[in-house]
Number of protein chains: 2
Amino acid sequence: MERSIQDIARLSGTTSRTLRHYGDIGLLEPSRIGANGYRYYDDDALARLQRILLLRDLGLGLPAIADALAGTREHADALAHHLRWLRQEKDRLDRQIDSVEATIRRMKGGEQLMAEEMFDGFDHAQYKDEVERRWGEEAYASGDRWWRSLTAEEKARFQLDQKAVQDDYAAALASGASVESDEVLAIARRHYDWLVVGWRGRRPTAEQFVGMGDMYIADERFGANYGGLEGATYVRDAMKAFAARNL
Amino acid sequence: MERSIQDIARLSGTTSRTLRHYGDIGLLEPSRIGANGYRYYDDDALARLQRILLLRDLGLGLPAIADALAGTREHADALAHHLRWLRQEKDRLDRQIDSVEATIRRMKGGEQLMAEEMFDGFDHAQYKDEVERRWGEEAYASGDRWWRSLTAEEKARFQLDQKAVQDDYAAALASGASVESDEVLAIARRHYDWLVVGWRGRRPTAEQFVGMGDMYIADERFGANYGGLEGATYVRDAMKAFAARNL
DNA sequence: GCTAGAGGTTGACGCCACGTCAATGTCAAG
DNA sequence: CTTGACATTGACGTGGCGTCAACCTCTAGC
């Protein structure tokens, strides 16, 4: 059976424009082209179109669909690959939703543009230079935007979390606990989780995490938060132990 | 203070190309343009840029950002509007992820293209004409693709759910329960939820839901599933009662 | 004063999957 | 022969810039 372009469009629930587009990019050629230039499609073409549209509904791009149908890549592989991308997008959206909600709360709280300098206990800007040197200016600018998008309450909670981690490290050091003990590893895990928040969901690699520990030792501004050189070394070793086991 | 375009780009974590783009579309003009054509930005421009980038990180489009900064729309309004869009996108992604996972399971189950005609108890194609007449050919084609993307197990579950609803309606009718009783309304709710699955997440309006009930009466093929004319009328009334209260 | 290299400019194409005119040719029915 | 439905190719628009290309300008060192 041979059908006109409109017939195929109606049967498949798409438009003639789309069919011509698929012809243009070589994704779906008409089975025959009349002397007048009209496109005609047979049942095989219709079947192929159905498969194309099914994959399209799943969110695959046209090149990916072409690959899958050409068999250069297994259907399941293409879908698995696509699934990873979908999950990433979903995570991104989740984080964006959280941020937007936080920003709205901030505005409703009426603290619009004020109260931005109220928190200097852990003043984000304090580490500007260090952050820029280590991770570039963009990293600082991006982190700074994040920090300023938080509500006062969220900023306070972030700082309190850090303080708790710090105090627990200090207590563990005083008690003589090994940096490889379960107790200290649990603290390091909270430390890591806290960092992930500050990185807005990105998870530092083992190397990056240990690198931050080294930084605590090298820079006294950081070390000051963790009880001087001895404390900073202890913390660095705990981070290293945690990274070795869990990252 | 006045800075060159590259300085501003580095300080804000973006690129000079982006800044020129924002100039082109009138979102952020340089505070001064030199005789040589060079763009220069002062602190006010930098502050505005920071706000632009913050909103951009939240996923707003540039026109929306322009509106918000111009004050034609309240910041919070713009964000609330944007939030609705984000949630829709997230829902869409969630459904797509489910579909892709289902399709992968189907392929791993090795039932690739077979086993598609194994289920005719509720043969999706059986209602082709009716669906096309009521909601257009595209609706059928789209529904058909959805149906064929399910695993055998999912198809079976879908049919079993429908059978359960059907049986419960029959039992309620036999027991003389009113269509407005809590018991029957609960069945109607399950009926509705079942339908939402078939519509892949779109939720029929009250009008559409009642319309389907009328269809059960008008068309004996549908009525046959619900115990003849008497049963179909009972079901239609239950659907109407549910729609009146809950949709 | 010359030159190299960094940094600036405008202009234009590319991306992705089509929607949407516009201008024009073709077919079936009355 | 007319009318109206349907077909064609061609080109622009979408969003937010990245990425050349071709060219001008500034700064520093010789």
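Quick note on labels: first sequence line is chain A, next is B, and so on, each numbered from 1. These numbers come from a predicted model, not from an experiment.
Rounded to an integer number of Å, the gap from NE2 of A:H21 to C1' of D:dC12 is 15 Å. The CZ-C1' distance, from A:R3 to D:dA7, rounds to 18 Å in whole Å. Atoms CG (B:D24) and C1' (D:dC17) sit 11 Å apart, rounded to a whole Å. Across the protein-nucleic acid pair, A:I25 atom CD1 and C:dA17 atom C1' stand 8 Å apart, rounded to whole Å. The separation between B:D7 atom CG and C:dG7 atom P is 9 Å, rounded to whole Å.
Contact annotation: B:R39 reaches the phosphate of C:dT9 (side-chain N/O to OP1 or OP2, under 4.0 Å). Residue A:T15 has a polar side-chain atom (N or O) positioned under 4.0 Å from OP1 or OP2 of C:dG19. Listed pair B:S4 / C:dG8 meets the phosphate criterion, a side-chain N or O lying under 4.0 Å from OP1 or OP2. Between D:dA7 and A:Q6, a contact under 4.0 Å exists linking OP1 or OP2 to a side-chain N or O. When the side-chain nitrogen and oxygen atoms of B:Y22 are compared with OP1 and OP2 of D:dC17, one or more of them lie within a distance under 4.0 Å.
Each of C:dC18, D:dT8, C:dG8 was ranked by its minimum atom distance to the side chain of A:I5; first place goes to D:dT8. Distances were taken from every side-chain heavy atom of A:P63 (C-beta onward) to each of C:dA17, C:dG8, D:dT8; the shortest belongs to C:dA17. With D:dC6, D:dT25, D:dC17 as the choices, the nucleotide that has an atom nearest any side-chain atom of B:Y38 turns out to be D:dT25. Distance from the side chain of A:L62 is smallest for C:dA17 among the nucleotides C:dT9, D:dT8, C:dA17. Among the nucleotides C:dC18, D:dC17, C:dG8, the one closest to any side-chain atom of A:T18 is C:dC18.
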Verdict with supporting geometry, A:R56 and A:L53, side chain to side chain contact (heavy atoms under 4.5 Å, CB included) = CA-CA 5 Å; A:R56 192 191 62 172; A:L53 294 178; 3.6 Å; yes
Just list the side-chain donor-acceptor pairs under 3.5 Å for residues 28-40 of chain A, sequence neighbours left out, or say none.
{"from": "A:S31", "atom 1": "OG", "to": "A:Y40", "atom 2": "O", "distance (Å)": "3.0"}
{"from": "A:S31", "atom 1": "OG", "to": "A:D42", "atom 2": "N", "distance (Å)": "3.0"}
{"from": "A:R32", "atom 1": "NE", "to": "A:E2", "atom 2": "OE2", "distance (Å)": "2.7"}
{"from": "A:R32", "atom 1": "NH2", "to": "A:E2", "atom 2": "OE1", "distance (Å)": "3.2"}
{"from": "A:N36", "atom 1": "OD1", "to": "A:Y38", "atom 2": "N", "distance (Å)": "2.9"}

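Under the 4.0 Å criterion applied to side-chain N and carboxylate O atoms, A:R92 and B:E89 are not assigned as salt-bridge partners. Ion pairing between A:K90 and A:D94 holds under the 4.0 Å rule for side-chain N and carboxylate O.
The heavy-atom pair separating A:V210 from A:A243 by the smallest distance is CG2-CB, 3.8 Å.
The structure places CG of A:N246 at 9.5 Å from CZ of A:F209, a figure rounded to the nearest 0.5 Å.
When the C1' atoms of four end pairs are superposed on the next four at each end of the helix from C:dG1-D:dC30 to C:dG30-D:dC1, using five pairs per end, the two resulting axes differ in direction by 30°, to 10°.
Each of B:R20 and A:R20 was assigned the nucleotide of DNA chain D with the nearest heavy atom; the assignment lying further toward the 5' end belongs to A:R20. Residue whose closest nucleotide on DNA chain C sits further toward the 5' end, between A:N36 and A:R17: A:R17.
If you check every strand for non-hydrogen atoms under 4.0 Å, B:G34 touches nothing.
Residue A:V100 forms a side-chain contact (heavy atoms from CB on, under 4.5 Å) with just one option from A:T103, A:D98, A:I104, and that option is A:I104.
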